[in-house]
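Worksheet for the structure shown next.
Every chain is numbered from 1 and lettered A, B, ... according to where its sequence line falls, protein lines coming before strand lines. Note: hydrogens, waters and symmetry copies are ignored here, and every other heavy atom, side chains too, is used. Remember, it's a predicted structure, so these values are computed and weren't measured experimentally.
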Amino acid sequence: MQEKLILENKIERGDFARGGETSSNLKELLRKLGIPSDKNRRITIVAYELEMNIIIHSYGGEIKVYISSEQIKVVAADSGPGIEDLEKALQPGFSTADDEIRDMGFGAGMGLNNIQHYSDDVEIETGPGQPTKITAIVNL
Amino acid sequence: MTVKELVEKLGLEVIVAGPMEVEISGVYVGDLLSNVMARAEEKNLWITIQGHQNVVAVASLTGVAAVIVVEDFAVEEEAIERAREKNVTILRTPLTAYKLICKLIELGI
């Protein structure tokens, strides 16, 4: 299975002004590559949540997207501070976002659930004080 | 019904005019962006009280026909600029979401 890197974007902490840009570029790229729109929609939802998680919760990071004949893989890696309690973070409705973020309609505690729901496979590597790396796959 | 026809029938304020001839496919109501990302469908009307720039990103990603900001909530200048760049239609009404939806139902949407 030969994998090809098709997108690589750095994402800054708190950069709401560019929030969604990476996912938007990805959507357009996948459309040009002829990926079916239902798969594109799923990957776009996953990429958006990963992107906003880096903006809202991390010290900054990057998103890389790989494609092969079998799958599209989104890898979101940040430089910390890590998810304190992953089990809690995966509960629908749980969020550590502050009120200001919530007022903007983020921090509903649905991000990781959306990622799990719309991916065929998700791997989360994290821990308190650690970088977080999330790998999400949608099969083609 | 197209976005343009809807604007005329309900006298909606046009804050940014994107593609106005789009045929409306349905409606999604919500202020939580993750839910909107997951549930809003292409060419839906998206009814919300949010008026900041990330609304434009979500509208563009989901491909909604238009965003309708209800209760005359403020639409930020950055959101307006971004909507122009992304060709996203933003409309506004003093109506509550409920009253707007009642009118949409009357119109058969």
In this structure, are over 12 heavy atoms from other groups packed under 6.0 Å from [X] atom [atom1]?
{"X": "A:Glu12", "atom1": "CD", "answer": "no"}
{"X": "A:Glu84", "atom1": "CD", "answer": "no"}
{"X": "A:Lys39", "atom1": "NZ", "answer": "yes"}
{"X": "A:Glu100", "atom1": "CD", "answer": "no"}

Residue B:Glu78 versus chain A: region with a heavy atom under 4.5 Å: neither
Interchain contact, B:Val58 with chain A, by part (heavy-atom threshold 4.5 Å): side chain
Joint hydrophobic cluster, B:Met1 plus B:Leu95, side-chain heavy atoms closer than 4.5 Å: yes
Shortest non-hydrogen separation from B:Lys86 to B:Ser60 and the atoms involved: CD-OG, 4.0 Å
Side-chain donor/acceptor of A:Glu49 to backbone N/O of A:Asn114, under 3.5 Å: no
Ion pair check, B:Arg84 and B:Glu81, cut-off under 4.0 Å: no
N-O pairing of B:Arg82 and B:Glu85 below 4.0 Å: no
Measure distances from [X] to the heavy atoms of chain B and classify the residue's part below 4.5 Å as side chain, backbone, both or neither.
{"X": "A:Tyr48", "value": "side chain"}
{"X": "A:Arg42", "value": "neither"}
{"X": "A:Asn113", "value": "neither"}

Greatest number of heavy atom pairs closer than 4.5 Å to chain B - which of A:Gly111, A:Ser24, A:Ala17: A:Ala17
Most chain B-contacting option - heavy-atom pairs closer than 4.5 Å, from A:Arg41, A:His117, A:Met104: A:Met104
Contacts of residues 15-49 of chain B with chain A (heavy atom under 4.5 Å): B:Asp31, B:Leu32, B:Leu33, B:Ser34, B:Asn35, B:Met37, B:Ala38, B:Arg39, B:Ala40
